[in-house]
Each structure stands twice: as C-alpha cells, then as structure tokens.
Amino acid sequence: MHMSFVPPRRVKIGDAAAFAGTTPRAIRHYHAIGLLPEPERGGDGRRRYGHQDMIRLLWIRRMAGAGIALDDIRDALTADTGTAGDDRGDGGSDGGDVDGGDGIALTLERLENSLAAQEAVLRRQRTAVQRMRAEGSRMGLLSDVVTDRFKSLPEGSLRQRELDTLLVTERIFGPLGAAVQATRFIALATHPALREESDRVDAAEEALDDTVAVDDPRVARVAAERHAFEGALDAFIEESGLAGDDDALFEAWDARDSATTDQEEDEDEEEGVDDEGGDRGSGGRRAGTMSAFEAVGRMPYDFSPARLRCMELAEQLAAQDAPTA
C-alpha cells in the first residue's frame with residue numbers, strides 16, 4: 001500500500017514562485033542580488049528548489065511584505081545563517097481639461113485612492129514591524145493569533161525549526177491552522193520528557209535516508225515509535241487542558257473572522273495587491289493564495305522512499321487505534 005500523494009522532493013521555479021506568492025522573475029532577481037542562493041540544477045539545466053530554499057524564500061517574502069528593503073533582508077538573513085505606472089499626458093495637446101472640471105476631479109480621485117492604498121499598506125507594515133520588535137524575532141511576522149499562543153512561554157522556548165513549520169502551515173492552512181498546530185509546540189516546550197522523545201524520534205526518521213530500503217525492519221520500528229510518541233503527546237494535550245484551548249480558539253476565530261472580513265476585503269480592494277503578511281488561508285483566503293491541495297503540491301520535502309513508507313505505516317497504526325463510529 002502506498003500513499004495516495006507523494007510530496008515533491010524538489011520543484012521548478014514556477015511552482016516555487018506560485019507557492020511563495022511571487023513570480024519567477026522576482027526569484028531570479030533575488031538570485032542576482034545574492035538574497036537567495038542559486039539552487040541545484042536538474043539534468044535539463046533548470047533550477048530545482050528544495051525545502052530549505054523554500055523556507056528562505058518564504059521569509060524573504062514575509063520580510064519584504066513588512067516593508068524591509070531587500071538589501072536589509074539579505075544582511076539580516078546572512079547574519080542569521082547561524083540562525084501603477086506614471087500617468088503622463090500626450091504632451092499637452094488637450095490642455096483645457098487638466099486645469100478644471102472633470103479632469104481635475106478625476107486626477108484628485110486617483111490621487112486620493114493612491115494615498116488611501118499607501119496608508120493601508122503602511123498600517124500593515126507598521127504593525128508587522130512593531131510586532132517583530134515586540135517579539136524580538138521573526139516570530140513577529142506570523143499572525144498575531146499564532147504568536148499569542150506562546151505569550152506564556154519563556155523566551156527561547158520555540159525553536160527555529162518550529163517557527164519554520166508554523167510559517168509553512170500558515171501559508172497552506174492560514175493563521176487558524178498554524179494556531180492549532182502551535183498546541184503541539186506548546187506541549188513540547190512545557191514537557192521536557194516529551195521534547196526529548198520528540199527529538200529522538202525525529203532523528204530516527206531523518207536517519208531513514210535513501211540508503212535505507214522501504215522493507216528494512218527499521219522503517220516499521222520507527223513508525224511504531226512515532227505512533228507511540230504521538231499517542232503520548234495527544235494524551236498530555238488532553239490532560240493539560242490544551243485541547244480545551246483549541247476549542248476556545250475556534251470559537252474566538254469564528255467571531256473575529258466574521259467581524260473583520262468586510263474590513264479586510266475593503267482594504268484589499270483599495271490596495272489592489274496581495275499582502276504577504278495577511279493571508280487568511282483556507283476559509284477566507286486573500287487574492288493570490290491557493291487551496292491547501294495546490295499548496296501542498298508546490299512545497300518540496302526531501303523525504304526518502306523509506307521515510308515516506310514510515311509515515312504511511314504510522315498513519316495506518318493511528319487509523320487502527322481510531323474509535324469506530
């Protein structure tokens with residue numbers, strides 16, 4: 001039995017651009033200025049983007065959406081490695097309408113709309129910068145419904161790898177999906193034994209590389225370990241009351257979404273462009289986003305056949321334990 005969907009290990013520039021909400025031309029520009037390292041090329045000579053390439057590209061897009069200059073983004077990411085056209089006339093051949101009547105009214109209307117659009121963008125960028133300063137890290141670029149979940153945790157509780165995962169989840173499933181996923185990371189941050197076991201199982205899965213056959217006994221063993229760990233994690237989430245927090249989150253999101261949808265749609269209409277920092281994901285997605293199915297097919301993960309088989313076996317074990325209706 002094989003998984004019905006196998007994520008790509010590497011993707012072409014068109015899919016990379018579509019997933020990140022940008023264009024191939026922009027990605028080539030990022031390469032040209034040294035912002036995004038050139039990826040490996042396939043046998044056809046075309047660029048192939050892997051998981052870490054996409055993570056960096058997503059952060060670039062979020063930072064650019066917050067109004068940070070590309071040169072500053074490049075410097076920040078380098079330091080963290082250890083971590084409409086001008087409306088011109090025809091030369092004045094029809095000079096009367098420019099100085100009065102409908103001509104000036106239309107000009108002022110266009111100017112007012114342009115300023116309103118800039119104000120909307122500046123408000124969002126200022127909010128993003130303020131939140132980055134408050135959080136002291138790139139966590140501030142995630143939606144507030146996500147970062148608010150970690151307010152009670154000590155500084156440094158969340159790992160960069162977990163931030164990366166939340167970034168991808170928010171891109172695919174929207175802020176609510178990432179906020180729900182945050183429950184997992186809260187549990188790991190507050191339960192050292194679970195954190196240690198999570199690291200051990202993660203390392204065992206990563207060891208299932210291309211040198212391991214799909215029928216190697218280690219595959220089934222690691223799948224059983226993953227299944228046992230997920231059961232222990234779910235039990236802790238239930239016992240700690242974190243599951244109840246998820247229920248409250250859904251209720252709060254429904255109330256918030258209904259109150260803000262009209263306002264955000266008006267702002268998007270004013271701007272006429274997609275805003276990277278404000279994706280709502282599945283259920284009220286902004287223009288320029290995609291369905292979860294489309295997104296999953298455009299985000300590469302470098303999983304070996306053995307690791308994919310391990311994931312499949314773990315899912316089968318979970319299905320066997322699921323209560324019957």
Side-chain angles (χ1 to χ4, degrees), residues 1-9 51 146 149-150 153 157-159 161-162 164-166 168-170 172-209 212-251 253-254 281-283 291-293 295-297 299 301-325:
M1 179 185 227
H2 297 286
M3 296 178 67
S4 59
F5 177 80
V6 177
R9 300 184 72 169
H51 182 75
V146 180
R149 306 262 355 243
F150 302 104
L153 296 181
S157 297
L158 200 62
R159 298 176 175 179
R161 182 173 180 175
E162 293 164 347
D164 294 342
T165 299
L166 289 169
V168 174
T169 299
E170 185 170 335
I172 296 175
F173 298 106
L176 181 59
V180 171
Q181 187 181 48
T183 298
R184 178 186 187 89
F185 301 138
I186 294 171
L188 293 177
T190 55
H191 196 304
L194 278 176
R195 168 73 82 186
E196 183 178 352
E197 179 64 5
S198 175
D199 290 343
R200 189 190 68 79
V201 176
D202 287 346
E205 288 179 336
E206 290 172 1
L208 299 176
D209 56 22
V212 179
V214 294
D215 57 354
D216 190 296
R218 286 174 291 177
V219 175
R221 184 177 69 248
V222 175
E225 292 173 355
R226 168 59 68 186
H227 174 62
F229 167 74
E230 294 298 333
L233 179 62
D234 289 343
F236 174 73
I237 289 173
E238 286 291 339
E239 294 168 2
S240 65
L242 287 171
D245 292 345
D246 284 350
D247 294 337
L249 180 66
F250 281 111
E251 294 176 3
W253 180 262
D254 288 341
S282 300
S291 70
F293 180 81
V296 170
M299 181 64 190
Y301 287 88
D302 193 16
F303 293 153
S304 68
R307 189 166 180 180
L308 288 171
R309 177 57 177 163
C310 178
M311 294 164 61
E312 181 183 11
L313 291 175
E315 290 173 1
Q316 291 175 4
L317 291 172
Q320 292 171 8
D321 287 352
T324 56

**Prompt:** Considering all heavy atoms of both residues, which atom of L313 and which atom of A220 are nearest to each other, and what is their separation?
**Reply:** CD1-CA, 3.9 Å
**Prompt:** Hey, does R159 have a side-chain heavy atom less than 4.5 Å from the side chain of D199?
**Reply:** yes
**Prompt:** Going by an N to O cut-off under 4.0 Å, is there a salt bridge joining R161 and E206?
**Reply:** yes
**Asked** Nearest heavy-atom pair of S157 and R195: which atoms, and what distance?
**Response** O-NH2, 3.4 Å
**Asked** So do E230 and H227 actually touch side chain to side chain, heavy atoms under 4.5 Å?
**Response** no
**Request:** Check the angle between the aromatic planes of H51 and Y301 and answer parallel, tilted or perpendicular using the 30° and 60° thresholds.
**Result:** tilted
**Smallest separation among heavy atoms of V214 and A306, with atom names** = CG1-N, 3.9 Å
**Request:** List the steps, then state whether side chain to side chain contact (heavy atoms under 4.5 Å, CB included) holds for F185 with T165.
**Result:** CA-CA 10 Å; F185 301 138; T165 299; 4.0 Å; yes
**Item:** Residue pair L308 / P7, side-chain heavy-atom distance below 4.5 Å
**Value:** yes
**Message:** I'd like to check L153 versus T190 (side-chain heavy atoms, cut-off strictly below 4.5 Å). Are they in contact?
**Reply:** yes
**Request:** Answer yes or no: is there a side-chain heavy-atom contact under 4.5 Å between L188 and L233?
**Result:** yes
**Fill in**
The reported gap from CZ in R200 to CD in E205 (rounded to nearest 0.5 angstrom) is 10.0 Å
**Asked** In terms of side-chain geometry, is the basic nitrogen of D234 or R184 positioned less than 4.0 Å from the acidic oxygen of its partner?
**Response** no
**Request:** Indicate yes or no: at least one non-hydrogen side-chain atom of D202 is less than 4.5 angstrom from one of R226.
**Result:** yes
**Complete:** Closest non-hydrogen contact found for V219 with A213 is CG2-O, 3.6 Å
**Validation row: L166, L158 side chains within 4.5 angstrom (heavy atoms)** = yes
**Request:** First locate atom NE2 of H191, then atom OG of S198, and finally report the distance between them rounded to the nearest 0.5 Å.
**Result:** 12.0 Å
**Item:** Shortest non-hydrogen separation from L194 to A232 and the atoms involved
**Value:** CD2-CB, 4.2 Å
**Request:** Mind listing the closest non-hydrogen atom pair of C310 and V222 along with its distance?
**Result:** SG-CG1, 3.7 Å
Output a table of donor-acceptor pairs, distance under 3.5 Å, between side-chain atoms of residues 172-182 and any protein atom two or more places apart or on a different chain; print 'none' if there are none.
from, atom 1, to, atom 2, distance (Å)
Q181, OE1, T169, OG1, 2.7
Q181, NE2, T169, OG1, 3.3

